[in-house]
Amino acid sequence: MKRSVSAILLTFLLFVYPSLYAEDAKVVISTPQNTNYVLYAASTGVYLRLDTRDGKIIGVVPSNPKKNRVLNSQSLATDNQPGRFQLHPTDNIWIWLLFDTTTGDTWQLKWSDKDDALRPINIDEDNK
């Protein structure tokens, strides 16, 4: 009897109790400064591969390589500085922010779009 009560209590503590207080949490992966490429999990089975030197991005689907596609083929920098670009998730799984750590330029990446997935975001510092 004691074992079954202990097993039920243990099951409750391990599986039920944590889900009662679970919150949506996003993991922001910082880009190491000496890394040429970083792989970000965008969705279940979809990854974004960022070239941190020039901002080129490829959508990677390991389960179906035919769905892999280039999201940004335009080089956004020419100095080849590793770790220059970083991707940051937003509340929408389809939209990410691409950030240039050298100039502060920011782009919106909507990886679900077929064309023009990357759009610049104007940040007016005079409007504070």
Side-chain angles (χ1 to χ4, degrees):
M1 178 69 176
K2 285 184 181 181
R3 285 187 184 183
S4 62
V5 171
S6 295
I8 292 171
L9 181 60
L10 181 61
T11 303
F12 176 79
L13 290 175
L14 289 176
F15 300 105
V16 177
Y17 183 75
S19 66
L20 295 175
Y21 296 99
E23 295 180 17
D24 287 340
K26 294 214 182 247
V27 176
V28 177
I29 305 166
S30 63
T31 304
Q33 293 301 316
N34 60 353
T35 302
N36 292 336
Y37 295 95
V38 176
L39 196 63
Y40 297 89
S43 177
T44 303
V46 179
Y47 299 87
L48 302 176
R49 189 189 86 168
L50 170 67
D51 186 331
T52 66
R53 299 166 295 176
D54 59 13
K56 292 180 182 177
I57 304 167
I58 297 175
V60 179
V61 183
S63 63
N64 189 353
K66 291 180 181 180
K67 291 186 177 183
N68 294 351
R69 66 187 181 93
V70 176
L71 300 171
N72 176 40
S73 62
Q74 177 186 2
S75 180
L76 302 173
T78 57
D79 63 356
N80 282 333
Q81 175 187 350
R84 178 171 177 163
F85 291 92
Q86 297 177 346
L87 275 174
H88 297 277
T90 66
D91 290 338
N92 184 331
I93 66 166
W94 304 104
I95 299 174
W96 288 63
L97 295 178
L98 177 65
F99 181 66
D100 184 338
T101 62
T102 302
T103 65
D105 291 339
T106 308
W107 295 264
Q108 174 182 297
L109 170 70
K110 190 170 183 183
W111 62 268
S112 60
D113 285 356
K114 297 292 182 195
D115 298 319
D116 297 328
L118 198 62
R119 295 181 182 90
I121 297 175
N122 250 348
I123 300 175
D124 186 6
E125 292 187 18
D126 295 334
N127 251 353
K128 290 182 180 180

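Only this structure's heavy atoms are used, side chains among them; waters, hydrogens and symmetry mates stay out. Predicted, not measured: the structure shown is a model, and the values here were computed from it.
The closest side-chain heavy-atom distance from V46 to W111 is below 4.5 Å. At a threshold of 4.5 Å between non-hydrogen side-chain atoms, the residues T90 and L97 count as touching. Side-chain contact between T103 and R84 is present, with heavy atoms from C-beta onward closer than 4.5 Å. Between Q86 and T52 the shortest side-chain heavy-atom distance does not fall below 4.5 Å. In this structure, N72 and L109 have side chains that are not in contact, with every pair of non-hydrogen atoms separated by 4.5 Å or more.
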| said: Apply side chain to side chain contact (heavy atoms under 4.5 Å, CB included) to residues D105 and L76 and explain how you reach the verdict. | reply: CA-CA 10 Å; D105 291 339; L76 302 173; over 6 Å; no

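The heavy-atom pair separating L48 from G59 by the smallest distance is CD2-CA, 4.3 Å. L87 and I57 get closest at one heavy-atom pair: CD2-CD1, 4.3 Å. Residues P82 and N34 approach most closely at CB-C, 4.0 Å, considering heavy atoms. Scanning all heavy atoms of the two residues, the minimum distance from P62 to G45 falls at CD-O, 3.5 Å. Shortest non-hydrogen contact noted between R53 and D79 is O-OD1, 4.3 Å. A42 approaches W96 most closely through the heavy-atom pair CA-CZ2, 3.7 Å.
Residue L118 is not grouped with residue F99 when hydrophobic side chains (ILVMFWY) are merged at heavy-atom distances under 4.5 angstrom, including chains of intermediate members.
The CD1 atom of I95 sits 5.5 Å away from the NZ atom of K110 when rounded to the nearest 0.5 Å. For the atom pair CD1 of I58 and OG of S73, the computed distance is 9.5 Å after rounding to the nearest 0.5 Å.
Below 30°, between 30° and 60°, or above 60°: for F85 and W107 the angle between ring planes is between 30° and 60°, a tilted geometry.
Remark: the backbone N or O of Y37 is not paired with any side-chain donor or acceptor of T35 at under 3.5 angstrom. With hydrogens and angles ignored, the 3.5 Å screen pairs no side-chain donor or acceptor of D54 with any backbone N or O of A77.
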